[in-house]
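Just so it is clear: chains get the letters A, B, ... in the order the sequence lines come, proteins before strands, and each one is counted from 1.
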Number of protein chains: 2
Amino acid sequence: MQEIETSDQTDLKTAEAASIRAGNRALSVMERIRNFILDGTVSAGERMNEVRLSKTLDVSRTPVRAALQALAGEGLLDYAPNRGFTVREFPLNVIVDAYEIRASLEGLAARFAAERGLSDSEREVIEKSLVAGDELLSRGEFADGDLLIYRGINGDFHDTLLAAARNRMLSEMIRICHHVPMSSSRNIVAFEHRDVRRRHDDHHRIYEAIMAREPWRAEAIMREHVSGVRASLLKSLKGRV
Amino acid sequence: MQEIETSDQTDLKTAEAASIRAGNRALSVMERIRNFILDGTVSAGERMNEVRLSKTLDVSRTPVRAALQALAGEGLLDYAPNRGFTVREFPLNVIVDAYEIRASLEGLAARFAAERGLSDSEREVIEKSLVAGDELLSRGEFADGDLLIYRGINGDFHDTLLAAARNRMLSEMIRICHHVPMSSSRNIVAFEHRDVRRRHDDHHRIYEAIMAREPWRAEAIMREHVSGVRASLLKSLKGRV
DNA sequence: TACAGCAAAAGTGTGTACAGTTGCCGTGAT
DNA sequence: ATCACGGCAACTGTACACACTTTTGCTGTA
């Protein structure tokens with residue numbers, strides 16, 4: 001009965017890095033249920049029937065319950081005694097607010113990083129991300145797939161800075177913000193070259209502030225940086241909806 | 001087998017308000033285990049033996065596991081696969097950082113409250129807390145038990161403002177900060193009359209900023225306010241240790 | 001005496017049966 | 001026709017047994 005091992009181990013590193021509970025089976029179950037939620041297999045407000053889930057995933061109710069509890073801890077599910085778990089709804093204003101929270105928290109992370117300094121490897125990763133971004137942007141316009149590449153570059157920059165803040169609670173809270181649908185830093189919401197260029201320029205300035213050991217400046221720029229993403233999101237939503 | 005109902009329902013409202021999982025039994029078990037952690041019955045770094053706990057609390061392992069998972073979600077416990085749960089350690093720097101995080105988040109909450117406005121009942125509670133604090137402080141010095149009273153006043157002010165921010169994710173994150181040992185807003189760390197007076201004056205100014213619909217000013221004062229508590233904590237620790 | 005390897009014990013992970021609760025549907029009285 | 005009540009079905013909550021993993025400590029050997 002170890003056929004689970006072979007199948008799906010999506011994003012396993014993220015999960016264990018975040019001190020998430022659930023052992024062997026429960027961990028993979030958790031990721032699978034998370035995907036059900038994020039890809040819309042189960043819709044917002046829907047009840048998570050334990051028996052049905054355990055049949056679908058071919059495990060007993062025990063790991064299913066563990067996974068559901070863990071996901072509730074992450075804020076993706078709601079719990080009510082004797083009524084089980086339901087998919088939490090994320091109306092637009094909640095998503096927008098999540099960006100504000102992220103802005104505050106990542107700003108704080110930038111300040112901590114500036115106060116505490118970067119390790120050699122962290123500096124290396126960030127510099128690499130800056131150079132890679134410069135290169136990508138120097139062409140003046142985006143080719144196919146370039147946005148996907150920048151997504152990675154952007155993620156590296158933010159993840160590394162977060163690690164440099166050396167504060168676990170902060171990391172976990174920001175991770176929760178990222179798990180709000182649409183709110184990940186890996187989501188580039190501004191598709192226009194000029195916007196991305198401005199964002200990338202922010203990265204340069206944040207890095208400079210950190211290297212200059214100017215915590216408050218680093219915080220201010222980072223806050224504005226993430227807030228700017230929120231503004232872009234609003235703009236792009238208005239454009240489409 | 002309903003003898004649990006009669007016994008311990010400590011802080012139950014807080015728990016369910018925070019969308020915590022765990023049903024009837026598991027919920028009370030969770031609170032009891034939380035107390036074990038906070039009052040030092042189990043010490044930092046210690047392993048939470050499920051069998052022993054279930055015997056101590058006189059329930060089966062199932063609700064114990066549920067409670068442990070919930071507490072891990074709150075950040076009080078660490079989990080490692082096949083090795084169970086351990087009490088997370090909170091060294092001084094983590095506690096101090098938690099105040100910074102709280103400062104950022106409560107600042108944001110104040111901003112939201114200023115943007116969104118207070119309900120009648122919220123305004124009433126806050127004004128009452130301001131008046132009560134004025135009265136308590138007007139005597140010029142503290143009598144026995146006055147600090148305890150102010151603790152309640154202080155808590156009312158902060159809780160109400162948080163509710164007025166109308167953002168669940170924010171509430172939950174701040175609640176997590178409060179659960180860090182020593183980091184609750186109900187802990188008055190500055191025992192001197194002058195410090196408390198200054199804090200209370202902050203409350204007045206925050207309220208004024210909110211009523212004047214000045215979000216950024218409300219945020220700035222609140223951040224400084226909570227940061228000030230952190231500074232007082234450091235001072236008082238230095239004095240004692 | 002130090003260390004490797006193994007075996008027993010302790011502890012966690014999972015499956016499953018049963019108990020308790022909720023919600024729904026049908027029946028009957030008003 | 002409507003509402004109240006009772007019983008049934010579905011689902012969650014808890015207990016417990018068994019499987020698997022980790023840890024411990026013992027023994028034999030170098």
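- The distance between atom NZ of A/Lys55 and atom P of D/dC11, rounded to the nearest whole Å, is 9 Å.
- Atom C1' of nucleotide D/dC11 and atom CG of A/Leu53 are separated by 13 Å, given to the nearest angstrom.
- Counting non-hydrogen atoms under 4.0 angstrom, B/Arg83 reaches the backbone sugars and phosphates but no base.
- We find that CG of A/Asp58 is positioned 12 Å from C1' of C/dG15, with the value rounded to whole Å.
- Distance check, rounded to the nearest 0.5 Å: CD of B/Glu50 to CZ of B/Arg61 gives 4.5 Å.
- Comparing A/Gly84 and A/Thr62, the nucleotide of DNA chain D nearest to each residue sits closer to the 5' end for A/Gly84.
- Residue A/Ser60 places no side-chain N or O under 4.0 Å from the OP1 or OP2 atom of C/dT14.
- Residue B/Tyr79 contributes atom OH, which lies 11 Å from atom P of D/dT22 at whole-angstrom precision.
- For B/Asn82 and C/dT14, the CG to C1' distance is 11 Å, given to the nearest whole Å.
- When rounded to the nearest whole Å, the span between CZ of B/Arg52 and P of C/dG11 equals 8 Å.
- Across all non-hydrogen atoms, the minimal contact from B/Glu46 to B/Arg52 is OE2-NH2, 4.3 Å.
- Across A/Cys177 and A/Ala98, no two heavy atoms sit closer than the pair SG-O, 4.1 Å.
- Between the CG atom of A/Leu27 and the C1' atom of C/dG13 there is a distance of 13 Å, given to the nearest Å.
- Residues B/Asp97 and A/Arg166 have side chains not in contact (no heavy-atom distance under 4.5 Å, counting atoms from C-beta outward).
- Side chain B/Arg61 to base C/dG13: a donor-acceptor pair is found below 3.5 Å.
- Taking only side-chain nitrogens and oxygens, B/Asn49 comes nearer than 4.0 Å to OP1 or OP2 of C/dG11.
- Taking the side chain of A/Asn24 as heavy atoms from C-beta on, and the options C/dT14, D/dA15, D/dC11, the nearest nucleotide is C/dT14.
- Listed nucleotides: C/dT14, D/dT14, D/dC11. Nearest to the side chain of A/Arg47: D/dC11.
- Side chain of B/Arg25, nearest nucleotide from D/dT14, C/dT12, D/dT12: D/dT14.
- The CD atom of A/Glu50 sits 15 Å away from the P atom of C/dT14 (whole-angstrom rounding).
- You'll find the ring centres of B/His158 and B/His178 outside the 6.0 Å limit.
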